[in-house]
Number of protein chains: 2
Amino acid sequence: MDDLTEMLKGTLEGCVLQIIGSEEIYGYAITRRLNELGFVDVVEGTVYTILLRLEKNGLVQVTKRPSGQGPPRKFYRLNDAGRKELKAFWAKWEYISIRIDKLREGGE
Amino acid sequence: MDDLTEMLKGTLEGCVLQIIGSEEIYGYAITRRLNELGFVDVVEGTVYTILLRLEKNGLVQVTKRPSGQGPPRKFYRLNDAGRKELKAFWAKWEYISIRIDKLREGGE
DNA sequence: ACTGGTACACGGTATCACCGAGTAGTGGAA
DNA sequence: TTCCACTACTCGGTGATACCGTGTACCAGT
């Protein structure tokens, strides 16, 4: 699949929120997880910028823990604001995806 | 529905391509059409920047015709490159939307 | 003459994903 | 023991995109 970056704008952050929402996890592992899920070209730098933004916007709670496999890890967990944001993300996603799918039916 | 602009990045252009692909149409009417489809906050300025970009990228054929209702209209029609681009857009959309829906199932 | 609807153009802005380079810790191979 | 690979995070800068605001212009009705 060729370049998806433009289409991921606005959605990748939501995907990261969703991943954090389902388990306490750290940045490097989030990147691996996204790659497994089919977002193969998403790289660490991108994920870290999102994580720093989430932290700055007060959507996550961060805990630093030693690793054993390398440098210490920053574990992320959603707080109330984060869960609210995640909910809003899915509402937006549903709103848009329904309308786009409908547009497609109307004469491809 | 609150602000959708970030999530529309990368997809709105595809929507415009789809609309042009299904009928020969001009900018002002495309904006109305998008509004009807539920993209209520999309305004003329946005659509025109997309149309100018499509033209610049050689994806559309443009015909100017007098209106009777106001200034002359620029009618757009997809050429071969445009149809190819539209096809690529839907392939990307399918790729991403399937994966995002799957991510959502895995523990909301 | 004035207002409102139609129709397009354009410079500037914010946001986002991405890139590249850097810093650092651990463990295995040479 | 030295080097490399993997793990793990940071940060300044880039390019693409939708949006905003303003301007131009044509036409119809009042």
Side-chain angles (χ1 to χ4, degrees), chain A residues 1-17 20 25-35 39-57 59-60 62-76 85 89 92 96 100, chain B residues 1-17 20 25-35 39-57 59-60 62-76 85 89 92 96 100:
Chain A
M1 178 60 52
D2 44 308
D3 195 26
L4 302 176
T5 69
E6 289 311 321
M7 205 177 277
L8 284 177
K9 287 192 179 172
T11 62
L12 193 56
E13 181 179 310
C15 293
V16 171
L17 278 172
I20 294 173
I25 191 171
Y26 57 97
Y28 193 77
I30 293 172
T31 310
R32 294 282 155 273
R33 190 106 176 68
L34 285 167
N35 296 149
F39 305 105
V40 288
D41 293 326
V42 174
V43 292
E44 296 159 51
T46 302
V47 175
Y48 288 119
T49 54
I50 291 175
L51 290 172
L52 291 175
R53 190 164 66 232
L54 294 180
E55 193 176 352
K56 183 182 138 204
N57 294 346
L59 302 177
V60 290
V62 189
T63 314
K64 207 166 193 172
R65 297 212 183 91
S67 160
Q69 304 294 102
R73 296 165 173 164
K74 285 176 74 177
F75 282 82
Y76 292 85
E85 184 70 22
F89 165 72
K92 281 191 205 179
I96 287 183
I100 290 183
Chain B
M1 181 59 51
D2 44 308
D3 196 27
L4 302 175
T5 68
E6 289 310 321
M7 204 176 276
L8 283 176
K9 286 188 180 176
T11 61
L12 194 57
E13 180 178 310
C15 293
V16 171
L17 278 172
I20 295 174
I25 191 171
Y26 57 98
Y28 192 78
I30 292 172
T31 310
R32 294 280 155 275
R33 190 108 176 66
L34 286 168
N35 296 149
F39 305 104
V40 287
D41 293 325
V42 174
V43 293
E44 296 159 51
T46 301
V47 175
Y48 288 119
T49 53
I50 291 174
L51 290 172
L52 292 174
R53 189 164 69 232
L54 294 180
E55 191 176 354
K56 183 183 139 202
N57 294 345
L59 302 176
V60 289
V62 189
T63 314
K64 206 164 193 175
R65 297 212 184 91
S67 159
Q69 303 297 100
R73 297 164 173 165
K74 283 175 75 177
F75 282 82
Y76 293 84
E85 183 71 21
F89 165 72
K92 282 192 204 178
I96 287 183
I100 289 183

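A, B, ... follow the sequence lines: proteins, then strands. Residue 1 opens every chain. Because only heavy atoms are used, hydrogens play no part in the values below, and waters and symmetry mates are left out as well, while side chains stay in.
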Legend entry - Beyond-backbone contact of B/V43 with B/T31, side-chain heavy atoms, under 4.5 angstrom: no
Legend entry - Residue-phosphate contact under 4.0 Å: B/Y48 side-chain N/O, C/dA7 OP1/OP2: no
Legend entry - Integer-rounded Å distance: C/dA14 P and A/K56 NZ: 13 Å
Legend entry - Residue pair B/V42 / B/L4, side-chain heavy-atom distance below 4.5 Å: no
Legend entry - Residue B/L52, side-chain atoms from C-beta onward, closest of C/dT6, D/dA8, C/dA9: C/dA9
Legend entry - A/T5 side chain reached by A/T46 side chain, heavy atoms, under 4.5 Å: no
Legend entry - Contact check, side chains of B/L51 and B/Y76, non-hydrogen atoms, under 4.5 Å: yes
Inset, instruction - Report yes if the side chains of A/E13 and B/E6 come closer than 4.5 Å at any heavy-atom pair, otherwise no. - result: no
Inset, instruction - For B/R73 and D/dA25, give me the distance from atom CZ to atom C1', rounded to whole Å. - result: 15 Å
Legend entry - Heavy-atom side-chain contact between B/E44 and B/V47 under 4.5 Å: no
Inset, instruction - Quick one, give me the B/S/- string for nucleotides 12-21 of chain D, reading 5' to 3', where B means a protein heavy atom under 4.0 Å from the base and S means that only happens at the primed atoms, P, OP1 or OP2. - result: ---BBBSBS-
Legend entry - Sidechain-backbone polar pair: B/K92 side chain, A/D3 backbone, donor-acceptor under 3.5 Å: yes
Legend entry - Nearest-Å distance for atom pair CD/P, residues A/E44 and D/dC6: 12 Å
Inset, instruction - Using a 4.5 Å cut-off on heavy atoms from C-beta on, say whether the side chain of A/I20 contacts that of A/L59. - result: no
Inset, instruction - Please report, rounded to the nearest Å, how far the P atom of D/dC9 is from the CG atom of A/L54. - result: 14 Å
Legend entry - Phosphate OP1/OP2 of C/dA7 contacted by B/Y26 side-chain N/O (<4.0 Å): yes
Legend entry - N or O in side chain of B/K64 less than 4.0 angstrom from C/dC8 OP1/OP2: no
Legend entry - Nucleotide C/dA7, atom C1' - distance to CD1 of B/I30 in whole Å: 12 Å
Legend entry - A/Y48: partners by ring pair (Phe, Tyr, Trp, His ring centres under 6.0 Å), with sequence neighbours left out: none
Inset, instruction - Give the angle between the helix axes at the two ends of the helix from C/dA1-D/dT30 to C/dA30-D/dT1, taking five base pairs at each end and rounding to 10°. - result: 10°
Inset, instruction - Starting at atom CZ of A/F75, determine the distance to atom P of D/dC9, rounded to an integer number of angstrom. - result: 8 Å
Inset, instruction - Report the distance from atom CG of A/N35 to atom P of D/dT7, rounded to the nearest whole Å. - result: 12 Å
Inset, instruction - Report the distance from atom OH of A/Y28 to atom P of C/dA24, rounded to the nearest whole Å. - result: 19 Å
Inset, instruction - For A/L51, answer base if it contacts any base atom (sugar-phosphate contacts may also be present), sugar-phosphate if it contacts only those atoms, and nothing otherwise; contact means non-hydrogen atoms under 4.0 Å. - result: nothing
